[in-house]
J.: 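Sharing a structure below in structure tokens format, with a few things to ask.
Letters go in sequence order (proteins before strands), and every chain restarts at 1.
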There are 2 protein chains.
Amino acid sequence: MMTAVEPAERVAVALGARAYDILIGPGLVASAGAEIARRFPGRAVGIVTDATVGPLHAPAVEAGLEAAGIRAVRITVPAGEATKRFAMLEEVVDQILAHRLERGDLILALGGGVVGDLAGFAAAIVRRGMAFVQMPTSLLAQVDSSVGGKTGINSRHGKNLIGAFHQPGLVIADTDVLDTLSTREFRAGYAEVAKYGLIDDPGFFAWLEANWRGVFQGGRDRVQAIATSCRAKAAVVARDETETGDRALLNLGHTFGHALEAVTGYDSARLVHGEAVAIGMAQAFRFSARLGLCDAQVPVRVEAHLKAVGLPTRLADIPGGAGEAGTLMAAIGQDKKVARGRLTFILARGVGESFIARDVDAAGVEAFLADELAGR
Amino acid sequence: MMTAVEPAERVAVALGARAYDILIGPGLVASAGAEIARRFPGRAVGIVTDATVGPLHAPAVEAGLEAAGIRAVRITVPAGEATKRFAMLEEVVDQILAHRLERGDLILALGGGVVGDLAGFAAAIVRRGMAFVQMPTSLLAQVDSSVGGKTGINSRHGKNLIGAFHQPGLVIADTDVLDTLSTREFRAGYAEVAKYGLIDDPGFFAWLEANWRGVFQGGRDRVQAIATSCRAKAAVVARDETETGDRALLNLGHTFGHALEAVTGYDSARLVHGEAVAIGMAQAFRFSARLGLCDAQVPVRVEAHLKAVGLPTRLADIPGGAGEAGTLMAAIGQDKKVARGRLTFILARGVGESFIARDVDAAGVEAFLADELAGR
């Protein structure tokens, strides 16, 4: 039987009775079965994966589980954001029950953010809560969605409007699997990496400006960037598990970003989440400068780095455009971060100096968007 | 503007940050709007109700909310257990979002257990958790499902297999509205009232044997029985919010009962939940006596009281019968209270002396069921 590989980095998420580890490093897929068997002895495992990731990585995980005498079943969903919908949730829940997985058993999410969000939500609601493990296979999922316990699906009214807070019992982030991602996918995940620097870590942002090629290339820089990102997210989540306070800082770029995803119909050919966040972050800094909150050079620097790695930063970068300001405002209004009719944005006084701005004037936002759409 | 009526009884559910009150007494529907406006100022309210209860009670609640300047919208679902399914959950969630109810707004479940379970589950997952208030209009819901935070829907694999723990912020139980229930419905709820005596309160069971007519009639005895039941449930829930320990005692009669509901296809013409629980409790006591755990006179006494109020106690009491022992065992095996392949039952050493029996021999259960089906 294979023993677990010692991960290059281990990040602890301090959530009391719901505390868990994030294991980060190369070669962890092959030893995941042994690691899970060691940490969760005697539990059957339902592996939820998608049609792209499953054939690549599930056999190695299943072999490890089988070698440890653990029953494993595989549930495969279609790849892509469209999978985050009610009908697929019902399907996954039904398969978990059909496989007679019990309350004490384990759901293993093997895939990107879509699989993690859907499988985690299913784990949250089957028998009112099963244990689950995240095994994120995209950069976006490794640094963002697999950490923090947010799970959910989309609604026709907006993204992630339906879901649950359900913390994983373990996160295993194999940094080698990211070599199978397309450059576009990797870039999209990188937007969330850069976000952690922009929120409150100017040193990390400067390090990324100098070392981003190493992160894309792989090896130690990549492990370092992912571990720093996870550590940043874990710290925020530990302070504010259910987003009633400063966890909202993690939404930097996301209010604009979610609206862009909504108006482009969640069409990944036009825009994927990380790209929407990149544009949204650039907008948040441009809007901050417009409000006089930060120097005009700050958004220029932010945009320069995002452009350097190949990310979009302008509405004009979206194939087919972003529609009209009114449509974008309607999408922002339905976003879940709207509290009692006021608009809440994450704005910034500089790189690494973001803050939660409540009571932001909606008319000012709409005027800004109109100018952005006009290329002003 | 109407002021809130002082309820006859107030039961506090001690759950720390999620603590809440259960208000019990006559005349509370008319003042509910004022009560909610006072406790949850400034929140819009989404009233989820069914086609039977809505026309009876929603207008009074809406009038109270309107008088307090609170925006209220009504979402109506079909009456009946079949409403506890994925498609209806999706519909309610969609309507809540379509009405632009926000995270800080309130879902008000106005109806019986079906509405409470469905609306509570919707409140749990819209925007990852909205506040909600239970306004139970059946006896069953007043003494059981509206207290404790269990919400959910049914699956083709069994009842309540999909859901969330989501505590209400307030429960308002108007004892007058129970006069609109049919005798059969009231009786079914009464099974859960009797359960609290059978679990651990022999004095309450004896009081019910002497005073059940008053409970059915209304007035002070009814308030007393409901308050005692809620107090009993609140105490168990406060000790064990997510059912990892002795909250399982509340399942007395429910393992058999859920199986009976499953094999009769959740057909309320044949069997409603409380009736299934009545038979299940009688069976739990007969099975306990068969195992030598209690005196043979104990199940006789239990059965006598349930029969006195008009509840079924035998498989033969189910119109159309209960099928075969193997089918019942399969339904029991899918029940969520099966832990890692062993059967868990609530058994008893006497009236008010129930306990959690783990590792119950499945073959012994099947032999017992075969004898019950044969009328032995």
J.: Please check if the side chain of A/Arg128 supplies one atom and the backbone of B/Thr151 the other of a donor-acceptor pair under 3.5 Å.
T.: yes
J.: Checking A/Leu89 against chain B: side chain, backbone, both or neither under 4.5 Å from a heavy atom?
T.: both
J.: Report the distance from atom CD of A/Glu90 to atom CD1 of B/Ile153, rounding to the nearest 0.5 Å.
T.: 7.5 Å
J.: Can you tell me how far CZ of A/Arg156 sits from CG of B/Leu97, rounded to the nearest 0.5 angstrom?
T.: 9.0 Å
J.: With heavy-atom distances below 4.5 Å as the criterion, would you say the side chains of B/Phe86 and A/Asp94 are in contact?
T.: no
